[in-house]
Amino acid sequence: DIDIENSLKNNIDTLNQDKDSLRVSGPRSLVDKVQKVVANLDGSNKVDDFSSNLTLYPVDGNGDRVEGVNLSDNKVSVNVTLLKQKTVPIKAIFNEYESNKDKINDYKITPGSIIIKGKKDIIENINYINTKPIDLSNITDNISKNIELDIPSGIKSDVKYISIKLEAIKTAKEEISYTSEDIQLKNVTEGFDISTLNLPTTLNVSFENSKPDISIIKSDILLYIDLNSKKDDETYEINYESNKDISNVVISPNKVSIK
């Protein structure tokens, strides 16, 4: 048998040779030592398909060359088709049932791209490689975690895993001042005397802005009192409405008493 030894095994799509066997002749004691006939294929610098004529030589069971025998042919012709390569980015895929998606502000993937190999007709249609679905509940902010790649059938890569690190959501503490005229009254019944409310002259609203690059202005936070929600201590609570990404809202003062 003829064995083609090469350093391209992970990059070869097909390797065709013009012969698979040949005759070995010479002294019987030497011929009996021959286990196979080999040829070395050097394709370290090859990036395209190629052909080559390789020199054959006999070896024993230890891979050592056997001298003193003759081969019916000392050359083998090979045609090599290489897998195509290209670099593609990694796309993070989060679990579709994930309930913590709001915690994602930014994340870093390392490496951000990988080299993939495959047949030309397959690899041409691959523009990125997905990760396996990521469960955010298993990832702590600012700590890297290895995630398996979802490599399609017919595609090879030396990289099987990437690491992902979620950046903690950066918030900014902010404060806006309001006056009594900024407080909206809801569910005002006929005959209700608004002057009986001890509305504060000024009040402050402090909060955390989850998107510090977006300014929050007074009109983004609506203060209101629901007159249908009087407390047992004869007070009304000042509440707020906002469609902005804010949290830890503190209204001071947050109650209004009745005169």
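The structure displayed is predicted, hence computed values, not measured ones.
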With Lys218 as the cation and Tyr178 as the aromatic partner, state whether NZ or CZ is under 6.0 Å from the six-membered ring centre and within 45° of the axis.
yes
Full working for side chain to side chain donor-acceptor pair (under 3.5 Å) between Asn146 and Ser163:
CA-CA 4 Å; Asn146 287 336; Ser163 68; 4.9 Å; no
Residues passing the salt bridge (Lys or Arg N to Asp or Glu O under 4.0 Å) test with Lys119, sequence neighbours excluded, are Asp13
Could you report the tightest heavy-atom contact between Tyr240 and Ile251, atom names first, then the distance?
CB-CD1, 4.1 Å
Who are the side chain to side chain contact (heavy atoms under 4.5 Å, CB included) partners of Thr179, not counting sequence neighbours?
Glu181, Asp182
Would you tell me whether Gln35 and Asp60 have side-chain atoms, one donor and one acceptor, within less than 3.5 Å of each other?
no
CG (Asn254) and CD1 (Ile225) are apart, to the nearest 0.5 Å, by 10.5 Å
I would like to know whether Thr81 and Thr14 meet side chain to side chain donor-acceptor pair (under 3.5 Å); could you show each step before the answer?
CA-CA 5 Å; Thr81 301; Thr14 61; 3.1 Å; yes
Taking atom NZ of Lys86 as the centre, report whether more than 12 heavy atoms of other residues, nucleotides or ligands fall under 6.0 Å from it.
yes
Between Ile109 and Ala92, which heavy-atom pair has the shortest distance, and what is it?
CD1-CB, 3.7 Å
From Ile238 CD1 over to Lys255 NZ, what is the distance, rounded to the nearest 0.5 angstrom?
11.0 Å
Nearest heavy-atom contact between Gly118 and Ile155 is CA-CD1, 4.4 Å
So, do Leu15 and Leu41 sit near enough that their side-chain heavy atoms are less than 4.5 Å apart?
yes
Non-neighbouring partners of Asp32 that pass side-chain hydrogen bond (donor to acceptor under 3.5 Å, both in side chains), sequence neighbours left out
none
Side-chain atoms of residues 66-80: list all donor-acceptor pairs with protein atoms under 3.5 Å, sequence neighbours left out, distances to 0.1 Å.
unit_1 : atom_1 : unit_2 : atom_2 : d
Ser72  : OG     : Arg23  : N      : 3.0
Asp73  : OD1    : Lys75  : N      : 3.1
Asp73  : OD2    : Lys19  : NZ     : 3.2
Lys75  : NZ     : Thr55  : OG1    : 2.9
Ser77  : OG     : Asn53  : OD1    : 3.4
Asn79  : OD1    : Ser51  : OG     : 2.5

Answer yes or no: is there a side-chain heavy-atom contact under 4.5 Å between Lys33 and Val24?
no
Same apolar cluster (I L V M F W Y, side chains within < 4.5 Å links), Val256/Ile194:
yes
I'd like to know whether Lys132 forms a salt bridge (charged side-chain N to carboxylate O under 4.0 Å, His left out) with Glu148, so could you lay out the CA-CA distance, the side-chain angles of the two residues, the decisive distance to 0.1 Å, and finally the verdict.
CA-CA 6 Å; Lys132 293 291 183 68; Glu148 186 178 359; 3.6 Å; yes
Does atom NZ (Lys173) have a neighbourhood of more than 12 heavy atoms from anything else shown, all under 6.0 Å?
no
Please tell me whether Asn204 and Ser177 have a donor and an acceptor in their side chains that are separated by less than 3.5 angstrom.
yes
Which residues pass the side-chain hydrogen bond (donor to acceptor under 3.5 Å, both in side chains) test with Asp213, sequence neighbours left out?
none
When you look at Ile123 and Ile116, which way does the side chain to side chain contact (heavy atoms under 4.5 Å, CB included) test go after all the steps?
CA-CA 8 Å; Ile123 205 169; Ile116 59 173; 3.8 Å; yes
Run the side-chain hydrogen bond (donor to acceptor under 3.5 Å, both in side chains) test against Ser242 and tell me which residues pass, sequence neighbours left out.
none
Once rounded to the nearest 0.5 Å, what's the spacing between atom NZ of Lys117 and atom CG of Asn11?
3.5 Å
Does any part of the side chain of Ser144, heavy atoms only, come nearer than 4.5 Å to the side chain of Thr110, both counted from C-beta?
no
So how far is it from Ile114 CD1 to Thr87 OG1, rounded to the nearest 0.5 Å?
9.0 Å
Would a 4.5 Å heavy-atom cut-off, applied to side chains only, mark Asn198 and Ile258 as touching?
no
Looking at Phe50, I'd like to know if its CZ atom is crowded, meaning that more than 12 non-hydrogen atoms belonging to other residues, nucleotides or ligands lie closer than 6.0 Å.
yes
Non-hydrogen atoms of Leu223 and Leu203 that approach each other most closely
CD1-CD1, 3.8 Å
Closest non-hydrogen atom pair between Leu22 and Val37, with its separation
CD1-CG2, 3.9 Å
Lys84: salt bridge (Lys or Arg N to Asp or Glu O under 4.0 Å) partners, not counting sequence neighbours:
Asp49
Of all residues at least two apart in sequence or in a different chain, which pass the salt bridge (Lys or Arg N to Asp or Glu O under 4.0 Å) check with Lys36?
Asp3
Who passes side-chain hydrogen bond (donor to acceptor under 3.5 Å, both in side chains) against Ser21, sequence neighbours left out?
none
For Lys156, check salt bridge (Lys or Arg N to Asp or Glu O under 4.0 Å) against everything at least two apart and list the hits.
none
Atom OG in Ser215, atom CD in Glu174: separation rounded to 0.5 Å?
7.0 Å
Do Asn130 and Leu149 have side-chain heavy atoms sitting under 4.5 Å apart?
no
As an exercise, state the distance from CD1 of Ile93 to CD1 of Ile147, rounded to the nearest 0.5 Å.
12.0 Å
Please give me the minimum heavy-atom distance between Phe207 and Ile246, naming the atom from each residue.
CD1-CG2, 3.8 Å
Using side chain to side chain contact (heavy atoms under 4.5 Å, CB included) as the criterion, list what pairs up with Val188, not counting sequence neighbours.
Leu185, Phe192, Leu227
For Val59, the rest of its hydrophobic cluster, which grows through side-chain links under 4.5 angstrom
Val38, Tyr57
